[in-house]
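The sequence lines fix the lettering, A, B, ..., with proteins before strands; numbering per chain opens at 1.
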Amino acid sequence: MEYNFKEIEEKWQKAWKKNKSYTINNNSSKPPFYVLDMFPYPSGAGLHVGHPLGYIASDIYSRYKRLKGFNVLHPMGFDSFGLPAEQYAIETGQHPADTTEKNISTFKKQLDKIGFCYDWEREIRTSDSNYYRWTQWLFLKLFKSWFNPLTQKAESIESLINIFENKGSFKSIARSKHHFTAQEWNDFSLKSKLDILMDYRLAFSAFGEVNWCEILGTVLANDEVVNGVSERGGHPVVKKKMRQWYLRITDYADRLIDGLNTVDFSDSMKEMQRNWIGKSEGAELIFTLEKSQLEIKVYTTRPDTIFGVDFLVLAPEHELVENITTSEQRKSIHDYLVYAKNKSDRERLSDVKQITGCFTGAYVINPLNDRKIPVWIAEYVLSGYGTGAIMAVPCGDQRDYLFAKHFNIPISNIIGDCYNGNEANPTKEATLTNSEFLNGLSMKKAISMVIDKSEELGIGKRKINYKMRDAGFSRQRYWGEPFPIKWEDGKVLTLNEDQLPLTLPHLEKYGPGPEGEGPLANVAAWKKDGFETSTMPGYAGSSWYFLRYMDPKNNQTFCDRKASDYWGQVDVYIGGTEHAVGHLLYSRMWTKVLHDLDLIGFDEPFKKLVNQGMIQGSSRFVYRIKGTNTFVSNGLKNEYELDELHVDVNMVDGVELNIELFKKWKPDFAEAAFILENDKYICGCEVEKMSKSKFNTVNPDDLVNKYGADTFRMYEMFLGPIEQSKPWDTKGIEGVHRFLRKLWRLFNDDIKGKVWTTEKASEAELKILHKAIKKIESDTDQFSFNTAVSAFMVCVNELTDLKCNKKEILENVLILLTPFAPHISEELWSQIGNNGSILDAMYPHFDGKYLLETSKEYPVSINGKLRTAISISLEASQSEVEEIVLANDIVRKWLEGAPPKKIIFVKGKMINVVV
RNA sequence: GCCCAUGUGGCGGAAUUGGUAGACGCAGCAGACUCAAAAUCUGCCAUUCGCAAGGGUGUGAAGGUUCGAUUCCUUUCGUGGGCACCA
């Protein structure tokens, strides 16, 4: 009987579906365990081999936990709102709802073929109104809450109103621009009150910059802007201020940092989040303009360098630029502003070779020594960070140094010998000079002295600053959640709970509205009713979806408290690092808000995070001689002028092109001629992102059809460590397939049929089994699936060598294998006479007694170089070992009669003789 | 530019806390079985010197710490990901 994977996989997938084997109940006596994948965006291209990498890992882990006796929640859904669906709709004239529906059904079909254990009864889609109803509901919760700095928690906005009504704005809770008494507050108009409250709400509306393309009449995503012009059409793009919605994530900055100590994320992931939040401690110092009352606030982490300030630099967008520019400088400043307006923040920061800037003509006075300091503007200062103005200290900061050199600004030295005149020295260790009352002090000490002094003189204060900005929460797009918000005479109104969901109207055209408003502005009724015309961003739905899976069908609330209390945090969350600072921070923030409002019982969503690497495409190229239909092999291409064309990787065996397939690929190539090397056409290779347009995608369906889901699953895991990125290569899949066939042959012979027996296992066989249990169990626990697969291979190879066909051994191997290759395991499990499903078998127990050893083959090195190995009892002491080692011929040869300096003996590891 | 990751045979990769570098697999080579092929099985497989025994060199590069470094430190180069409206 042969291993007919196709039949077996169909049979068991059907059986599991019929028996509802993956339906999970919220009531169970077993302990709960929640394993979650980052849900996919259902793109039109369907699943490629990169997608399932994380899904297979989480599936293995879920099944493993189930075998270990847990009630495992392992759901799947779709992040189905987003920009690409809308672009696709514009291009093809299909409605995003239709294409999304179609794409999801393709995805599901593909996922099911791989044999995942999802509970599809819990499926969610963010674009489903039954789902986004609760996204809107949660948005209103955010809108109606504020962050109380005294309690460090979100509270209902009512509590803030209460404070204002009774105490007015008092210092420890009010934002700096608000000063009013209770009486004044009570006398404010409703509009003024709402405007003030807007400055506290966790979801709020304010003016912010967007990428604006005048010619397309639309706001563009960063993705759609390439080198300062629109990707479509190459039209100029500038920054434009527009009313936007934001989430006040900055209020949660400290808690987002602190929370990292309570979760099991990789250190690098935590580091990325900390860097993104970018907390720094320093001071805000005030420089007053010469001959004017105007003040410029700068933020600095190095107030100790105050006497080394040689100039100030403002961001081009700084609000004072207009006011302070002198008439002589007006023209050049204006030109510079035009120049800077066209550049993105990233371009402005990365272009360090080219130093640009412009003098405003104005001077400020250094508040500590009355020195006159010129004020410049330059693109390397960003308006969004700190105060949008810096004090430049060229001897201590390299960018300031280069700027000063470039514009011939004299440089003061305040660190004596530590500054060599050729480059800045950013040290904190130097002793200060030319710094008046700081002379002779170490810079570290001076930092707090300067802050204290500034506070005393009223020219500055201690300040904690964050790089992170509040999260932009509106998009001038169609395919997203509508805001449950109405505008009436500039006043913001919210919909009532019973008016939700506010459904997205069905549009036929998705072009931008007037003045860069979203497409919804084109809907007369929508506009007339005053509904918000922008929609929520892609991350709205994904910020809380893990909660909905716990209670997906609830019509009364987003997730019943009982359900979230039962399941608790996501125990293991698997997904790519590309979400490090977006989705992962937003969902952490939402969780904290929901916890503060007592809607859930935990304040971090994900207990453990596993980052799977990205599977890259391995592109293949052919080279066509310019103006001809002749293709030249890679090795000979230097002799010609060529066009490089992507060719479908599926037509290439390694690097050798299958010419017949290539000719059939596109009509243009049917008559193509080839210049070969060694009778072969060799393609060029490059690692790129996997994408349809590069013809480097590999469809999992093809591999599942050819080798079966079990082989596919194990091969993806066998490729390498889960967290590592690597280019896809189908070549090795045969090896895994051979392994499964070899396993099959332990039970069934192609000719003889059944060969498994019920004989008693030998010591040697038990040793093999327990070695495998130990290795595979610990590897699975650590998500080291590639080494687990290799342990299976070793185990089956060894059992084959011993001709072990014993049920006592093999059935345990099957249970171990179930998480990796569920179909073949279930089939063989039933063949050897089990009635129940292997999905609910008991994971075998490792017993160390089978692995006990009494001696070890010790490697013996001379001066750290391996020379021989000696078998020595594990009991042996240092002196016994030394005796044995020195008696060894090879060791004596290397010693050449001299006594050894030292013998290093590490019990159970190695021996090193130092000569 | 900044942040994070990463670099080991022809290829994917392995190597608990520094302790036998190259497990397992792919590809390749030689052989067995076969009329033949497929499948399967056996052996070889970092590099170099050597008939062999054995030796030299090897984990991107250069230094350092150590009895001993793929592993720790410093510098440097390459590659991948992210950088706020892609998700």
Generate the contact string for nucleotides 80-87 of chain B. Rules: B means base contact, S means sugar-phosphate contact only, - means no protein heavy atom under 4.0 Å. SSSBBBBB
Walk along nucleotides 19-24 of chain B from 5' to 3' and tag each nucleotide B, S or - by protein heavy-atom contact under 4.0 Å, base first, then sugar-phosphate. BB--BB
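Checked against side-chain contact (heavy atoms from CB on, under 4.5 Å), A/Val225 has the following partners two or more places apart in sequence or in another chain: A/Asn211, A/Leu220, A/Val237. Listed by chain and number, the residues in a salt bridge (charged side-chain N to carboxylate O under 4.0 Å, His left out) with A/Arg477 are A/Glu224 (sequence neighbours excluded).
Ion pairing of A/Glu798 with A/Lys771 is present here, as a side-chain N (NZ or NE/NH1/NH2) and a carboxylate O approach within less than 4.0 Å. Under a 4.0 Å N-O distance rule, the pair A/Asp749/A/Arg745 does not qualify as a salt bridge.
As judged by a 4.0 angstrom heavy-atom cut-off over every strand, A/Trp894 is placed among residues touching the sugar-phosphate backbone only. Using a 4.0 Å heavy-atom cutoff across all strands shown, A/Arg867 reaches sugar-phosphate atoms only and no base atom. Within the 4.0 angstrom heavy-atom criterion, only backbone atoms of the sugar-phosphate kind lie near A/Lys726; the bases stay farther away.
As rounded to the nearest Å, B/rG60 and B/rU8 have P atoms that lie 6 Å from one another. Separation of the C1' atoms belonging to B/rG25 and B/rA36 is 29 Å when rounded to the nearest angstrom. Atom name C1', nucleotides B/rU59 and B/rU6: the rounded distance is 14 Å, in whole Å. Taking the C1' atoms as reference points, B/rG81 lies 14 Å from B/rA87, given to the whole Å.
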Let me see the working for A/Asp889 and A/Lys893 under salt bridge (Lys or Arg N to Asp or Glu O under 4.0 Å), right down to the final yes or no. CA-CA 6 Å; A/Asp889 286 345; A/Lys893 188 189 111 192; over 6 Å; no
Go through the steps for A/Tyr510 and A/Gln87 under the test side chain to side chain donor-acceptor pair (under 3.5 Å), then give the verdict. CA-CA 9 Å; A/Tyr510 328 99; A/Gln87 279 171 327; over 6 Å; no
Test A/Phe39 against A/Tyr545 for ring pair (Phe, Tyr, Trp, His ring centres under 6.0 Å), laying out the working first. CA-CA 9 Å; A/Phe39 63 166; A/Tyr545 75 111; 3.7 Å; yes
Test ring pair (Phe, Tyr, Trp, His ring centres under 6.0 Å) on A/Tyr3 and A/Trp744; report intermediate values, then the result. CA-CA 6 Å; A/Tyr3 169 40; A/Trp744 181 266; 5.4 Å; yes
Just do the side chain to side chain donor-acceptor pair (under 3.5 Å) check on A/Thr787 and A/Ser790 with the steps written out, would you? CA-CA 5 Å; A/Thr787 51; A/Ser790 110; over 6 Å; no
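For A/Trp544 and A/Tyr131, the ring centers are positioned less than 6.0 Å apart.
A/Asp267 CG: 12 or fewer foreign heavy atoms inside a 6.0 Å radius. Counting heavy-atom neighbours within 6.0 Å of A/Lys774 NZ, excluding the residue itself, gives a total of 12 or less.
When the C1' atom of B/rG7 is taken as reference, atom CD of A/Glu723 falls 15 Å away, rounded to whole Å.
Interatomic distance, A/Asn786 CG to A/Asp779 CG, rounded to the nearest 0.5 Å: 8.0 Å.
Anti is the classification of B/rG25, since its glycosidic angle lies more than 90° from 0.
Across all strands shown, B/rC85 forms no Watson-Crick or G-U wobble pair with both key distances under 3.5 Å. Base-pair partner of B/rU57: B/rA46 (Watson-Crick or G-U wobble, both distances under 3.5 Å). Pair check for B/rG68 finds none; no Watson-Crick or G-U wobble contact set falls under 3.5 Å. Base pairing analysis places B/rU20 opposite nothing; no Watson-Crick or G-U wobble pair with both distances below 3.5 Å involves it. Pairing partner, B/rG7: B/rC77, with both Watson-Crick or wobble hydrogen-bond distances short of 3.5 Å.
Distances shorter than 4.0 Å separate some side-chain N or O of A/Arg741 from OP1 or OP2 on B/rU40. Residue A/Gln724 places no side-chain N or O under 4.0 Å from the OP1 or OP2 atom of B/rA5.
With the nearest nucleotide of RNA chain B identified for both A/Pro727 and A/Asn275, A/Asn275 has the one nearer the 5' end.
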Strictly under 3.5 Å: I want the nitrogen or oxygen pairs between protein and nucleotides 26-34 of chain B, one per line.
unit_1: B/rC26; atom_1: OP1; unit_2: A/Arg738; atom_2: NH1; d: 2.4

Report all interatomic pairs (protein N or O, nucleotide N or O of nucleotides 72-76 of chain B) with separations under 3.5 Å.
none

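At least one donor-acceptor pair under 3.5 Å links the side chain of A/Tyr41 to the backbone N or O of A/Ala85.
Between A/Trp479 and A/Phe81, the ring planes are perpendicular. Angles over 60° get that label, and only those under 30° would be called parallel.
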